Colleague: 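Can you read through this structure? Questions will come right after.
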Amino acid sequence: MAWIPWHSVVSLETGPICQRTAPCAVADSSKGHPRPYHTAVLTFFKLALSAAFATAIGASSYAQSLEPATADARRASQGVTVINGYSQHWWKEAVVYQIYPRSFQDSNGDGIGDLNGITSRLDYLKNLGVDVIWLSPHFDSPNADNGYDIRDYRKVMTEFGTMGDFDRMLAGIKKRHMRLIIDLVVNHTSDEHKWFEESRKSRTNPYRDYYIWRDGKPNPNAPNGFDPPNNYNSFFSGSAWQWDETTRQFYLHLFAVKQPDLNWENPKVRQEVYSLMRFWLDKGVDGFRMDVIPLISKTPGLPDLTPGQDAVKLWANGPRRDEFLQEMNREVLSKYDDMSVGEAIGIDLPGTHSLVGEDRHELSQIFNFDATRIGSIGGYIYRPLHLPELKAVYTAHATILGKQDWDTSFLGNHDMSRVVSRWGDTSTPELRAMSAKLLQTMVLTLRGTAYLYQGDELGMTNYPWTKISEFNDIEVQNRFKTEVAQGKLTEQQLISGAAAYGRDNARTPMQWDITKNAGFSTGNHTWEPVNPNYLQINAADQVKDPDSIYHYTQKMIALRRSDLAFIYGDYQDLDPKHEQVFLYTRSLGASSYLVILNFSSQPIDYTLPQGIQAKNLKLGNYRDSSDLAGATTLHLRPREARIYKN
Ligand code: NOJ
Ligand code: CA
C-alpha cells in the first residue's frame with residue numbers, strides 16, 4: 001500500500017461587554033491569562049433573554065431547567081450555555097490558522113523558517129482575525145519527515161530556535177489575545193529518540209517494550225533469513241517492518257523506517273505521553289492537534305491483512321483506542337481549558353461520535369478527510385471535482401453528526417496540494433483570486449471550527465515542479481525508490497502526480513513580499529524552492545490592496561464572528577444536484593444566511609430554488625452586483641461567491 005495522502009484517505013460568565021466583531025479579553029481563571037471571549041452574547045443570554053426568544057433560537061440555561069429531563073437541560077443544569085442544542089465553547093467559535101514553521105518565516109538567513117520568524121509576523125495574523133494558531137511540530141527532530149519524527153519532546157528543534165524563543169512567541173500570541181495549539185505526534189517517535197535508542201539495544205532493555213518488536217517468519221531465502229512478521233505495508237512505501245540486526249527482530253513503523261511506532265499497551269508509554277502533554281499545557285499552550293491519533297491501539301496479535309481488507313480502517317479502530325483516549329482525557333485534557341483535534345484517518349462519519357461526542361470524554365473534534373479526498377483514485381490520481389459529490393459529503397456530515405458532536409471545516413493543510421490549484425481556476429490572475437476568495441468563503445461558512453492553512457489567505461498556488469530531485473517530501477522520494485524502481489510508475493508519471501497533488505506544494509515558503517526569496521529568508525538557499533509567482537502573489541501587496549484575497553478573508557472572518565448562526569446554526573443544502581452552483585443556508589433562530597458559490601468559470605443566470613429571494617447582500621468576492629435585493633434570478637459571474645442575510 002502506498003502512502004494515502006490524508007485528504008485522500010461554559011459556564012455563564014459576566015464580563016465586559018464587547019462587540020462580536022472585536023472579541024475582548026476576560027480573565028481565564030483556569031490559566032491566569034486573558035482569553036478572547038464573546039461575552040456580549042453570553043451576557044445577553046444570561047441577563048436579557050426572554051423565555052420566548054430563548055426557545056426560538058434553542059438556547060437553554062440553568063434558569064430554565066430546574067428539573068433537567070433532556071440531555072440539553074442536563075448540560076444547562078451543569079452551567080453550560082446551550083445554543084441550538086450545541087454546548088458553547090471557545091474552540092467551536094475559533095478560526096484556527098495552521099503554521100508550518102519550516103516555511104513560514106526565516107529570521108536568521110539559514111533558509112529555514114523559525115520561531116522568531118513567527119513572532120515577527122504575529123500582527124499579520126492578528127490583523128487577519130485569527131483566534132488560534134496551530135503550529136506543526138517544533139520539537140527536536142532529525143527531520144526524516146520534517147518534524148513528524150520527534151527525538152525529544154521537551155526540546156525545540158535547533159533550526160527553529162530555543163525554548164526561550166518559544167516562550168517569547170507564546171507570550172506574543174497571548175498578548176494579542178490569540179491562542180496556540182501544538183502538534184502531538186505520539187503514534188511514533190524518531191528512531192533517534194532516547195527511548196528507541198535504548199529499546200533497540202537488547203531484548204531485555206527496560207525500554208524494549210516501549211515499541212513494537214516481533215520475531216520474523218523464518219525464510220532461508222529472505223535477506224536476513226526472515227520475512228517480516230506480517231504483511232503490513234507502511235504509508236511511505238515498502239514493508240511496515242524493519243529488521244534490526246542487534247537483536248534480530250523487526251520493529252513496526254507504519255510510517256518511515258525512522259518513525260518506529262510506540263507501544264501504547266505499555267502503561268509507562270502512556271504516562272510518558274501524558275507527562276509531556278502536561279509539560280506543554282503548563283507552559284500555557286491551549287491544546288493539541290493530534291497526529292494520526294486513531295492508530296495508537298494496534299490489533300491484538302497483529303495478524304496479516306486479508307485480501308482486500310482496508311488497512312487504515314483496521315489500524316484506526318483498534319480495540320483500546322477509546323480507552324486510551326479516555327484515560328488521556330481523564331488524566332490530562334479534562335484538567336485544562338484546552339482543545340484537541342485529532343487527525344482521524346480511518347474514521348468514518350458514523351465512527352466520529354466515539355471520538356468527539358461530549359458523553360465520550362475523548363477529543364473536542366477531529367479532521368475527517370471525506371471532502372478533501374473526494375475523487376481520489378489512489379496515489380496521486382484524482383477524478384475532476386464533481387460538485388454534487390462534494391455537497392453530499394457536507395450533507396452527510398450535517399445529518400450523521402449529532403448535537404453532541406462537533407465538526408471541522410478545512411480545505412488545506414501541509415499534507416495537501418494548494419486548494420486553489422486543486423479546486424479553483426488558476427488560469428488567469430482574476431480567476432485565481434475569485435476562486436481563492438470563494439474557497440475561503442466556503443471554509444468560513446461551513447459547519448465546524450474553521451481551519452485556514454498558511455498562504456491560502458493569499459491564494460498561494462502549487463509550485464511548477466519538473467524534476468524528482470526538487471521534491472523534499474519523503475513520500476515522493478520513497479515512491480521513487482520503490483514504485484519507479486519496480487516499474488510500477490514512470491518517473492514522469494510520479495513527477496506529474498506529485499506536482500499536482502504532492503505535499504511539497506503546501507510547503508514552499510510563505511510569499512511575504514517582492515524582495516529576495518519572497519521576503520521569507522535573506523539566505524542564499526531556502527529549504528524548499530520559492531514559487532516564482534511571488535512577484536504577483538505576496539502578502540505585502542495584498543495587505544495594501546483592499547480588494548485582495550487577504551482583505552476578503554479578513555472581512556469573511558469578521559462576518560463569521562458577527563453572528564453565531566455561522567457557528568451553531570443549522571446547515572441546509574438547497575440545491576444538491578446542481579453541478580456548478582453550491583447553495584446553502586446557515587440559520588439560527590431569526591438569523592439566516594444564504595451562501596451562493598459559483599464553482600464554475602462560466603457566468604450563470606441562476607434561479608434560486610423554492611421561490612427563495614436573495615435579500616441583503618453582506619459580502620461577495622466581486623465588488624458590486626447588478627442584482628437587486630429580493631432578486632430570484634442571480635447573474636453569477638465566474639467563480640462568484642455571495643453571502644446574503646435573508
Ligand atoms: C500525519 C502528518 O500530517 C504527516 O505530515 C506525517 O507525515 C504523518 N502523520 C506521520 O507523522
Ligand atoms: Ca532560520
Side-chain angles (χ1 to χ4, degrees), residues 2-9 98 100-121 134-139 141-150 156-162 165 169 182-191 193 234-237 240 253-262 288-296 312 315-316 341-346 366-367 369 372 410 412-417 451 453 472-479 502-507 509-510 517 519-528:
W3 156 256
I4 299 160
W6 299 125
H7 50 99
S8 67
V9 241
Q98 184 190 351
Y100 195 69
R102 224 173 169 72
S103 307
F104 196 62
Q105 176 70 67
D106 174 21
S107 71
N108 62 353
D110 66 356
I112 298 173
D114 47 51
L115 301 186
N116 286 342
I118 296 172
T119 305
S120 72
R121 296 294 186 179
W134 151 24
L135 186 65
S136 278
H138 64 282
F139 314 93
S141 164
N143 285 306
D145 187 20
N146 290 328
Y148 283 94
D149 48 322
I150 298 174
V156 170
M157 192 188 296
T158 317
E159 298 96 302
F160 290 175
T162 63
D165 297 334
M169 178 190 73
I182 58 173
D183 229 301
L184 185 75
V185 189
V186 289
N187 172 69
H188 45 268
T189 68
S190 163
D191 65 341
H193 193 290
S234 116
F235 283 101
F236 289 151
S237 308
H253 61 91
L254 293 181
F255 293 88
V257 171
K258 284 182 71 62
Q259 291 169 299
D261 281 47
L262 282 164
F288 304 96
R289 176 268 187 183
M290 300 187 182
D291 192 71
V292 294
I293 200 71
L295 306 187
I296 56 180
V312 184
W315 296 343
V341 50
E343 188 200 22
I345 55 163
I366 60 169
F367 293 126
F369 297 92
T372 51
F410 63 97
N413 70 23
H414 66 292
D415 291 330
M416 297 182 206
S417 57
Y451 289 80
Y453 184 65
N472 170 282
D473 185 6
I474 187 168
E475 174 184 21
V476 180
Q477 295 302 340
N478 279 5
R479 291 187 71 181
R503 310 192 301 174
D504 283 296
N505 286 300
R507 303 175 181 183
M510 263 294 274
N517 296 322
F520 164 70
S521 172
T522 55
N524 291 330
H525 174 78
T526 58
W527 81 277
E528 281 266 32

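The structure presented is a predicted model; accordingly, all values stated were derived computationally and were not measured. As the structure lists them, so they are numbered: ligands from 1, and atoms in each ligand from 1.
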Colleague: Show which atoms of ligand 1 fall inside a sub-4.0 Å distance from at least one heavy-atom site of His188.
Modeller: 10 (C), 11 (O)
Colleague: So if I apply the side chain to side chain contact (heavy atoms under 4.5 Å, CB included) rule between Met157 and each of Ser141, Pro101, Pro137, which one comes out positive?
Modeller: Ser141
Colleague: Are the side chains of Tyr148 and Asp291 in touch, meaning some heavy atoms are under 4.5 Å apart?
Modeller: yes
Colleague: Give a yes/no verdict on whether any heavy atom in Phe235 is under 4.0 Å from an atom of ligand 1.
Modeller: no
Colleague: Which ligand 1 atoms does Asp415 reach within 4.0 Å, using its non-hydrogen atoms?
Modeller: 1 (C), 2 (C), 3 (O), 4 (C), 5 (O)
Colleague: Parallel, tilted or perpendicular, judged at 30° and 60°: which one describes the rings of His188 and Phe255?
Modeller: tilted
Colleague: What residues, two or more places apart in sequence or in another chain, satisfy salt bridge (Lys or Arg N to Asp or Glu O under 4.0 Å) together with Asp149?
Modeller: none
Colleague: Measure the distances from the heavy atoms of Met416 to every atom of ligand 1 and state whether one is below 4.0 angstrom.
Modeller: no
Colleague: If I compare all heavy atoms of Val476 with all of Asp504, which pair ends up nearest, and what's the gap?
Modeller: CG2-OD2, 4.3 Å
Colleague: Any non-hydrogen side-chain atom of Val185 less than 4.5 Å from a side-chain atom of Glu343?
Modeller: no
Colleague: Can you sort out which atoms of ligand 1 are near Arg503, meaning under 4.0 Å from one of its heavy atoms?
Modeller: 4 (C), 5 (O), 6 (C), 7 (O)
Colleague: Is the ring centre of Trp134 less than 6.0 Å from the ring centre of Phe367?
Modeller: yes
Colleague: Sum up the protein N, O or S atoms located under 3.0 Å from the Ca ion (ligand 2).
Modeller: 5
Colleague: Can you confirm if the aromatic rings of Phe369 and Phe410 lie within a centre distance of less than 6.0 Å?
Modeller: yes
Colleague: Parallel, tilted or perpendicular: which one describes the rings of His414 and Tyr100, with boundaries at 30° and 60°?
Modeller: parallel
Colleague: With a cut-off of 4.0 Å, which atoms of ligand 1 are near a heavy atom of Asp145?
Modeller: 6 (C), 7 (O), 8 (C), 10 (C), 11 (O)
Colleague: Taking 4.0 angstrom as the limit, do Asp473 and Arg479 come out as a salt bridge?
Modeller: no
Colleague: Considering only heavy atoms, does Arg507 approach ligand 1 within less than 4.0 Å through its side chain, its backbone, both, or neither?
Modeller: side chain
Colleague: Below 4.0 angstrom from a heavy atom of Phe236, which ligand 1 atoms are there? Numbered from 1 as shown, please.
Modeller: 7 (O)
Colleague: Which is it for Tyr100 and ligand 1 at heavy atoms under 4.0 Å: side chain, backbone, both or neither?
Modeller: neither
